[in-house]
Number of protein chains: 2
Amino acid sequence: MGDYMISERQLRILEAIISDFIDTAQPVGSRTISKKYPLGVSSATIRNEMADLEELGYLEQPHTSSGRIPSDLGYRLYVDALVNVHSIGIDEKEIIQSMLRNRIIEASDLAKQAAKLLSEFTNLVAIVTIPKFNKCKLANLKLIKVSDTRVLLILVTDTGIVKNIQLAMSYTDQFILDRVSDTMLSFLSGETIENIDVRSILKLKHKLQNLGTFVDYLIPILKDALKSLNGTEQYAEGLSHILSIQEFADSEKAKVIFDFLRDAQNLEIFLDEVSTDQLSIKIGSEIGIESLDACSIISSTYKVDGKSDGKIIVLGPKRMDYGNVVSIVNYISNTLSDVFSGINL
Amino acid sequence: MGDYMISERQLRILEAIISDFIDTAQPVGSRTISKKYPLGVSSATIRNEMADLEELGYLEQPHTSSGRIPSDLGYRLYVDALVNVHSIGIDEKEIIQSMLRNRIIEASDLAKQAAKLLSEFTNLVAIVTIPKFNKCKLANLKLIKVSDTRVLLILVTDTGIVKNIQLAMSYTDQFILDRVSDTMLSFLSGETIENIDVRSILKLKHKLQNLGTFVDYLIPILKDALKSLNGTEQYAEGLSHILSIQEFADSEKAKVIFDFLRDAQNLEIFLDEVSTDQLSIKIGSEIGIESLDACSIISSTYKVDGKSDGKIIVLGPKRMDYGNVVSIVNYISNTLSDVFSGINL
DNA sequence: TGTTAGCACTCATACCAAACGAGTGCTAAA
DNA sequence: TTTAGCACTCGTTTGGTATGAGTGCTAACA
């Protein structure tokens with residue numbers, strides 16, 4: 001990339017056009033640019049340059065004799081070459097830190113909170129997924145009787161993530177459950193969750209010989225339960241922001257986005273497709289999903305202890321404040337990394 | 001109620017008008033009625049009756065020389081006297097039964113699933129709350145070390161609801177935690193959550209004399225934690241249906257509803273206000289919330305073991321199929337009652 | 001006395017042409 | 001190479017008219 005066949009002045013003009021369009025949502029004309037931006041050239045000159053920029057594919061004209069709007073390619077150039085990512089303010093940082101480090105203990109709450117912050121600071125839709133649980137190490141474990149037929153399995157990782165899984169079983173004496181879970185813990189503590197497979201559980205049987213039948217019974221249930229940990233949990237917040245965006249003022253258009261995001265099936269695939277780069281910006285057709293052609297997504301990946309990872313996604317109209325959103329995504333991504341990695345005391 | 005100063009024929013005409021308006025969303029005129037509905041009178045007669053019905057407050061005229069639309073009072077009469085609630089089909093029943101009785105064990109999943117069904121069958125917004133936790137009896141309790149400074153308090157009710165609360169404390173030896181939680185359980189088991197106050201916890205101290213300082217330390221933390229249980233958990237589904245409703249085609253209007261529903265604060269109050277009757281229908285201004293003036297809500301209460309209760313709410317435009325929605329709400333409400341009460345299977 | 005036909009009137013909506021104006025492309029002069 | 005000027009385009013606004021759905025009222029009718 002980097003090497004665009006385009007003059008410095010053209011770049012400046014493109015920048016002005018896109019900035020203005022992001023502000024006003026209106027096709028922008030040469031006169032507007034020459035008046036509002038101190039480029040030192042007349043509207044006629046700008047007019048010529050705009051014609052060239054259109055020919056190069058950076059601009060589009062909704063109809064003859066209207067102003068220009070950026071094409072996806074134009075946005076791409078803008079994002080690559082022109083957006084400057086200022087760091088977010090100290091106040092925002094403080095809020096984010098306090099909201100994410102304060103009294104949140106469950107992974108799902110943390111993700112939800114992060115999504116909320118993200119959508120509030122950007123006024124856009126935010127989605128945060130929970131890191132795959134199975135790369136973390138087991139730190140604590142309990143089996144708790146919930147009813148005569150149900151048991152709650154609680155897993156705590158060394159990173160402080162808590163996860164509970166309901167098991168359906170008809171063998172629910174709390175005394176036995178305590179013995180089993182104590183033994184399991186002493187046996188599995190420090191193991192990564194993904195390594196807790198049937199084979200390792202089988203060894204448990206030796207340690208609990210007097211409870212052999214119970215363990216036999218428990219193993220397939222545990223196996224199922226651990227499998228259910230593989231799904232990606234995600235939290236979306238700020239959907240209603242879509243309704244405030246001019247591009248989606250027509251509720252038909254808003255509905256397209258809503259319906260896409262509601263369909264979990266879609267979302268799962270969508271999230272998988274989303275780049276696993278540290279930070280990725282996809283604009284309109286680059287997303288490759290027709291119903292999101294009018295949108296851009298900015299996504300990032302956060303790592304937990306450098307291993308398992310979760311995703312952060314902001315979805316908005318192409319006409320968004322890229323610099324601002326990128327900086328917020330970055331900051332929250334990093335914070336989330338830290339918090340999940342257990343650096344939080 | 002029951003005794004409306006209104007003739008049989010006026011009732012018939014009102015019914016025809018409201019039915020037609022629910023179908024078409026257009027103000028309905030006298031001629032439409034005389035043609036579409038076999039009332040055996042001419043449009044002129046209907047015209048006269050409509051004028052009377054307007055004077056009585058059952059109809060409104062958006063502007064002179066347009067057709068009539070029902071007033072809130074008109075809808076009220078319609079709902080009270082004219083809607084007939086047919087039972088829902090056997091197919092629907094089967095779907096609901098299988099979705100709610102099948103492999104769901106967590107209260108929150110159950111509520112979520114019920115809300116989903118409700119919104120899918122009605123094409124409207126559905127909200128389902130989980131029965132208030134603090135009227136349930138304590139069935140199980142554990143303290144689990146999460147990190148050196150964090151402990152998880154897990155509460156299980158006799159109705160099978162699981163709740164975990166984070167405690168920040170620097171006294172986190174799992175062996176001690178086990179002893180304390182075992183004693184607490186033996187001591188508090190069967191007590192309703194709301195009765196677990198400081199006084200009852202104080203008695204715990206006697207039972208754990210050798211851990212006196214620990215209990216001193218624990219009590220204020222527990223007190224805080226229990227306070228945080230008072231919130232009502234609720235699940236809303238089908239928000240996007242709003243966007244398909246003519247009344248809210250303007251995304252400004254849709255946003256009003258969205259914003260109201262998103263604000264948890266609002267929702268909490270709103271849910272408290274919602275009638276605790278077995279079944280309640282509120283129309284427009286009857287709701288008493290300005291931003292919902294264009295809506296009706298149909299709500300019901302389901303009981304768990306005749307004690308604690310949860311709410312079921314369907315929110316839609318006043319122009320909704322009341323008969324259908326009522327029957328679905330009723331059926332799901334009853335099913336939910338059953339499932340929650342007999343959750344141990 | 002209740003019902004109906006007829007008619008004048010209202011008023012939101014559709015329609016259409018003209019005026020407007022923001023913006024362009026092109027040309028010619030600086 | 002830049003700029004001023006100008007003719008042209010085309011979506012939007014404007015205003016005036018027609019349309020028609022619907023009303024209220026009156027008078028005739030059963």
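Numbers restart at 1 for each chain; the letters A, B, ... are given by sequence-line order, proteins then strands.
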Interatomic distance where CE belongs to B:Met50 and P belongs to D:dC25 [whole Å]: 15 Å
Passing option when A:Val325 is tested against A:Asn330, A:Ile281, A:Leu124, A:Leu118 for side-chain contact (heavy atoms from CB on, under 4.5 Å): A:Leu124
Distance, rounded to the nearest Å, where A:Arg9 contributes CZ and D:dT1 contributes P: 9 Å
A:Lys282 and A:Ser296 side chains, donor-acceptor separation under 3.5 Å: no
N or O in side chain of A:Ser30 less than 4.0 angstrom from C:dT24 OP1/OP2: yes
Presence of donor-acceptor pair under 3.5 Å, side chain of B:Ser42 and base of C:dT4: no
NZ/NE/NH1/NH2 to OD/OE distance under 4.0 Å, A:Glu60 and A:Arg68: no
Length of the CG-P vector between B:Leu39 and C:dG2, whole Å: 19 Å
Distance, rounded to the nearest Å, where B:Asn48 contributes CG and C:dT4 contributes C1': 9 Å
Side-chain N or O of B:Thr64 closer than 4.0 Å to phosphate OP1/OP2 of C:dC11: yes
Spacing between B:Ile13 atom CD1 and C:dG2 atom P, to the nearest angstrom: 15 Å
Gap between atoms CD and P, on A:Glu54 and C:dC26 respectively (whole Å): 12 Å
Distance in angstrom units between A:Gln61 CD and D:dC8 C1', rounded: 13 Å
N/O (side chain, A:Arg68) to phosphate O (OP1/OP2, C:dT24) under 4.0 Å: yes
N/O (side chain, A:Thr45) to phosphate O (OP1/OP2, D:dT3) under 4.0 Å: yes
N or O in side chain of A:Arg31 less than 4.0 angstrom from D:dT3 OP1/OP2: no
Polar pair under 3.5 Å, donor/acceptor by atom type, side chain B:Arg47, base D:dG24: yes
Nearest-nucleotide comparison on DNA chain C, the residue closer to the 5′ end among B:Val41 and B:Ser65: B:Val41
A:Asp80 bridged to A:Arg76 by N-O distance under 4.0 Å: yes
Residues B:Arg12 and B:Glu8 bridged, charged N to O under 4.0 Å: yes
Nucleotide D:dG22, atom C1' - distance to CD of B:Glu60 in whole Å: 17 Å
Contact nearer the 5' end of DNA chain C, comparing B:His63 with B:Glu49: B:Glu49
